[in-house]
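Please read the structure below before turning to the comments.
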Amino acid sequence: MSERKKFKTESKRLLDLMINSIYTNREIFLRELISNASDAIDKYHYLSLNDEKLVKEDQYHIDLGCDKENRIITVEDNGIGMTYEEINNNLGTIAKSGSSEFMKKLEENSDDAKNLEIIGQFGVGFYSAFMVASKVIVETKSPYSEKAYRFTSEGSETYVLDEIEKENHGTKITLYLRENTEEENYDNFLSSYEIERLVKKYSDYIRYPIQMWVSKSIPDKNEKGEIIEGKYHDETNLETFNSMIPLWKKNKSEVSDQELNDFYKQKFDGYEDPMLSIFTNVEGLISYNALLFIPSKAPYNLYSEQYERGLKLYTKGIFIMDKCKDLIPDYLRFVQGLVDTSDLSLNISREMLQQDYQIKKIATSVEKKILGELEKLKNDDFEKYQAFFKEFGINLKYGIYDSFGAKKDSLKDLLLYTSIHEDHLITLKEYVEHMKEGQEFIYYASNKSKEAVNAMPQLDALKKKGYDVLVFTDDIDEFTINILQEYDSKKFKSINQGDLEVLNEEEKKEIQDLKDEKKPLLDALKEALKDKVSDVILSERLVDSPVCLVSGEGLSFEMEKVLKQMPNQGDLKAQRILEINPHHDLFKALENTYNTDESVLNDYASLLLDQALLMEGMMIEDPASFSKKMCQLMIKASAVNEEDSKEKHIDE
Ligand code: ADP
């Protein structure tokens, strides 16, 4: 059998990019192939625990080869190999769902460092072989297939599949290096020293021996064992290049920050040092070692469905699974790392894992540890904590909301907010400590930015009192606060919802008297707007502005906006209340109109409401009618002005 097949379009484009080498760091090809080999061995081992058809291996290894003369490098493993379908699916296609986005990102980006990051995230590792090779051969046998296959590709449109003889399960990859160019001397990769260097640099913690037959010139010795000057012979030995000791098995005090950073970059495809590394060793009712990392940047797909959260799970140093999501709650989905425990049986299945009591206990302990470290970071290095929060804080807010409050006590002190007074992020504790005398509530305002919040008329009274106001710009903020309800026995209060409760007794009485006095006017306005607002009242919160809109208790405007964006939530509406500033000139104008020309009041009322809506950033119902009324008003005003000036002339 020999078949020529076409690469799927996406793979073809990716191949082209690799061949025309979009980045200069070609040496990572070896890391990528070794990592695939190691994964393939992990898979074989895991399956062989439960599947008797798979022969138990007691020697797993990854063999490298280097043939200088023919300019060939080989990477061979005794892992799971591939069946006919798997070759086509895995090597003929970019199987990953994110592939098209990956392509887009690559083409948008000319920044090499970014591209590396992207390559890591998508794991298009195998194709990196074409950065250094003009021809790649993959010979492979799966224990689930009678036959073995050879995939040959020169990186053009097609690849060829042949049936071959191969006894053992596993995969051998042969790279035919490209011709040297002015920019790149591919021959450099053909030395055992260079290969050893690359293995040590990128693949030192791979748990299987990465070995190679290496010939070295050794000085001859005489019968007494003394070196004979100037006489050498060649000796060839099988050398293992990687140290293999898992970092997390070492003593915490022996592991440097540099090592942790390197480990993160190697194991978790990070291209920047992590923001925070946590190395923990727990002994007691449950025992485990964990290495946890908070990346310095959120992966681009953190909030998409394709993102898989989870920690790598090992038991007694043996790999069990890659993304164990039961080890980490959803709101900490950005944490990467691994857990190694001796408390699990080796051949535990995925289904059993979910119910496993030990796993639950470890997860609780890991979560506590992470929150503890964040608390520490906040206290020890607030600047760094702010950077963390800007990148991932939204997840902590989500954690409070998502747990219906169960986690609020452990998360509330980790929250940070912008406020109208402070120019750095502040904690709720700080807000409360800086509250003015007599201030009873923690005030907040939602809008798209601090500037927008600052311009909100509903803030007037609070500003006058010198109260600080938290600025909410994330969709989740109000939902989180709704669950939190209070901090340090101080209730949260929105600046544009319900009663603001800032007035003292005297001020309250004054406004109540006014309300009674102006009742007929207010009733008339209410009647004019009866289909649009639930009430028209005199405002306790406005100082400089004539009107504003507030919502009743329950759903807020912000929540209404957020819910509107979601499917099937369309009709939920916050209760609208129009507030009028009784001390503003406009109020006097309204009174005049009401007393002299009641018929115009309806137009005024609807103009006022529309203005208030616009200030809230909400849609007005009938823009055409708004504009028409506005025009009429302007024409009328100019007519009045004209009259005035005529009279003035006559007077003169
Ligand atoms: P990734 O490793 O991130 O999945 P790759 O492009 O490197 O992406 O590999 C694609 C797929 O090809 C792998 O997921 C794996 O199924 C298969 N594969 C690659 N190398 C090997 C190998 N040495 N043995 C078995 N399968 C392999």
Side-chain angles (χ1 to χ4, degrees), residues 7-8 10-15 17-19 28-48 54 57 60-65 73-103 106 116-133 136-145 148-153 155 159 161 166 168-175 202-203 206 208 210 266-271 299 301 306-308 312 319 321-323 336:
F7 282 108
K8 292 269 157 39
E10 303 252 273
S11 309
K12 167 77 178 89
R13 286 167 68 203
L14 182 54
L15 270 172
L17 277 170
M18 288 296 164
I19 291 162
I28 63 148
F29 78 93
L30 191 62
R31 177 196 75 180
E32 296 295 314
L33 297 182
I34 288 175
S35 151
N36 280 349
S38 164
D39 288 350
I41 295 176
D42 280 346
K43 271 183 215 159
Y44 184 92
H45 181 75
Y46 181 65
L47 290 168
S48 74
L54 268 58
E57 282 287 341
Y60 291 111
H61 42 87
I62 298 168
D63 295 288
L64 305 181
I73 290 176
T74 53
V75 180
E76 184 169 8
D77 65 69
N78 56 347
I80 193 68
M82 282 177 269
T83 63
Y84 178 80
E85 285 75 26
E86 281 165 347
I87 300 179
N88 286 309
N89 286 339
N90 298 340
L91 305 185
T93 326
I94 308 177
K96 298 281 143 78
S97 54
S99 55
S100 59
E101 269 151 86
F102 166 74
M103 294 301 304
L106 271 193
L116 278 172
E117 205 170 338
I118 293 163
I119 287 187
Q121 284 182 11
F122 282 94
V124 281
F126 170 73
Y127 290 96
S128 66
F130 288 96
M131 291 193 304
V132 298
V136 178
I137 293 182
V138 180
E139 291 161 301
T140 186
K141 169 141 188 351
S142 159
Y144 296 111
S145 159
Y149 298 94
R150 181 198 303 128
F151 158 107
T152 309
S153 170
Y159 56 92
L161 277 188
K166 185 177 187 314
N168 291 328
H169 58 89
T171 303
K172 177 177 183 182
I173 299 192
T174 307
L175 308 178
Y202 291 113
S203 314
I206 295 286
Y208 309 106
I210 302 169
Q266 189 224 315
K267 265 283 200 214
F268 296 93
D269 297 324
Y271 290 92
N301 62 352
Q306 338 149 359
Y307 182 85
E308 261 187 280
K312 289 184 198 290
F319 174 81
M321 79 158 73
D322 194 31
K323 297 264 178 189
Q336 295 189 305

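Order of appearance sets the numbers: ligands from 1, and atoms from 1 within every ligand.
- Looking at Asp77 against ligand 1, only its side chain comes within 4.0 Å, counting heavy atoms.
- In this structure, a donor-acceptor pair under 3.5 Å is absent between the side chains of His61 and Glu76.
- Among Leu91, Leu33, Asn36, Ile34, the residue whose heavy atom sits closest to atom 2 (O) of ligand 1 is Asn36.
- At a threshold of 4.5 Å between non-hydrogen side-chain atoms, the residues Ile73 and Leu64 do not count as touching.
- Looking at Asn90 next to ligand 1, an N or O pair under 3.5 Å apart turns up.
- Every N/O-N/O distance between Asp39 and ligand 1 stays at or above 3.5 Å.
- Taking 4.5 Å as the limit, every side-chain heavy atom of Thr140 sits out of range of all side-chain heavy atoms of Phe151.
- For the 3.5 Å distance criterion, the side chains of Thr83 and Ser145 fail to qualify, holding no donor opposite an acceptor.
- Note: no N/O pair closer than 3.5 Å links Gly81 and ligand 1 by distance alone.
- For the pair Lys166 and Tyr149, the cation does not sit on the ring face, since its NZ or CZ is not both under 6.0 Å from the ring centre and inside 45° of the axis.
- Contact between Met82 and ligand 1 is present, with at least one heavy atom of the residue lying under 4.0 Å from the ligand.
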